[in-house]
There are 2 protein chains.
Amino acid sequence: MRTVDPERHRQRRMEIVGAALELFATQGLAGTTTAEIARAAGISSGALFHYFPSKRAVFLAMFEADREEWDEAFAAARVRSDPWAALEEVVDRVAAEAAHPLMAGLIVEVLAQAHRDPEVAGLVEAGDRRMLDGVAELVDRLCREGTADPGMPAATAARWVLTLTDAFHTRGYPEPDRDRAAETATAKRLIARALRYDGPGSPA
Amino acid sequence: MRTVDPERHRQRRMEIVGAALELFATQGLAGTTTAEIARAAGISSGALFHYFPSKRAVFLAMFEADREEWDEAFAAARVRSDPWAALEEVVDRVAAEAAHPLMAGLIVEVLAQAHRDPEVAGLVEAGDRRMLDGVAELVDRLCREGTADPGMPAATAARWVLTLTDAFHTRGYPEPDRDRAAETATAKRLIARALRYDGPGSPA
DNA sequence: GTCTATAGAGGGATAGAC
DNA sequence: GTCTATCCCTCTATAGAC
């Protein structure tokens, strides 16, 4: 006879992760204390360590929501009839995610941790690979349609697409005068230029 | 009569910075103790605080060498007759810098700190602006030569050139199977595609 | 009575600064 | 080497659901 409600337990964990995410983004992992996380989540230190065995475990738990979200996004892209439109929607989605004011700080912190913690590196790489595979699948459709340069392998092309969309969030300091709509439009244009197949004489 | 030699003092500071750089890159700022820095530099903890008022001051001192190096590089690019070759040399230089095994870790750490420390943010932005201005000047020469798309402002084009070269070092985890020569070549090709002016009917 | 959820104080270690 | 502050986590205690 289980007295525990698994759904409530999961819910509580996600609340804690949400509160911690904000602190990690602004102060970093090492710069955030477990006491701060507990206070932000409105619970005691004891309760925090009931839900997570360590501060690091809270950090690692952040990767789950993102994974689910992108799995759904690529599933949706897969059933779209127009692969160019699907690719642009992926770009829009990355731009929207990056527009969250906390995201830039969170990403650099995650990347910094990935350099020190192999498990973080594994989660980052897994997420990156999901993005890469999803985009490569779309590029592959473009090639088979004949609207993308077949000279570049789909995986390579996908990597450079992601490099261009990385521009939305890798900058490490706040740039107040960013025009995100214009950036998104430019990124799409450059992606089109990078991938488009103009025939045998195209610049390669 | 002061027995202190200013040049020796500067030399000593740079030695400490060099030792600390390695630790910051692998462990981060918060993850590095002043005791470790002192030990790595072969001095006592007391001596460390003689040369720097705080751990943060050691971190901030890292930005000087990089600035001098890039100032020289752009001065050299400015006197080259072929701006495309000069631009490619900048790309090569970024790639070479990024090939240093510590550089990737150091950059993400610097960016993470830039999100929390306004002074770090200022130094990063100043460095970024130097890169941007240097590249924009080259793009401007390309436009005046008629070999770059005049429809995109030089500053915007320069930003996207830097976005592509950022690919050399923003990835936060080690990718063992990276082919840096191929990446550099692809970056140059994509930069050419992004900037090149193919006449009024070019894809924009 | 057993198990889960929560609280909060404090241990033990370690950090930065001098 | 020392000193003070702080942090992560453990430990004990209590409340309530079954």
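Within every chain, numbering begins at 1; the chains are lettered A, B, ... in the order of the sequence lines, protein sequences first and strands thereafter.
With rounding to whole Å, A:Arg12 atom CZ is found 13 Å from C:dA7 atom C1'. Atom CG in B:Leu48 sits roughly 13 Å away from atom C1' in C:dA15 (whole-Å rounding). Counting to the nearest Å, the P atom of C:dG8 and the CD atom of A:Glu36 are 18 Å from each other. For the pair A:His50 NE2 and D:dG16 C1', the interatomic distance rounds to 14 Å; values are reported in whole Å. In this structure, NE2 of A:His9 is placed 14 Å from C1' of C:dC3, rounded to the nearest angstrom.
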Contact pattern, 5' to 3', of nucleotides 7-14 of chain D - B, S or - by protein heavy atom under 4.0 Å: SSBB----
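Shown here are the salt bridge (Lys or Arg N to Asp or Glu O under 4.0 Å) partners of B:Lys188, two or more places apart in sequence or in another chain: B:Asp92. In this structure, A:Arg67 has no salt bridge (Lys or Arg N to Asp or Glu O under 4.0 Å) partners at least two apart in sequence or on a different chain. Checked against side chain to side chain donor-acceptor pair (under 3.5 Å), B:Glu145 has the following partners two or more places apart in sequence or in another chain: B:Thr147.
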Between side-chain atoms of residues 11-22 of chain B and protein atoms elsewhere (two or more places apart, or another chain), which donor-acceptor pairs fall under 3.5 Å?
residue: B:Arg12; atom: NH1; partner: B:Glu15; partner atom: OE1; Å: 3.1
residue: B:Arg13; atom: NH1; partner: B:Tyr51; partner atom: O; Å: 3.2

Scan the side chains in residues 94-101 of chain B for donor-acceptor partners under 3.5 Å anywhere in the protein, sequence neighbours excluded, and list what turns up.
residue: B:Glu97; atom: OE2; partner: B:Trp70; partner atom: NE1; Å: 3.1
residue: B:His100; atom: ND1; partner: B:Leu102; partner atom: N; Å: 3.1

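Side chain of A:Glu109 to main chain of A:Leu29: a donor-acceptor pair is present (N/O by atom type, distance under 3.5 Å, no hydrogens or angles).
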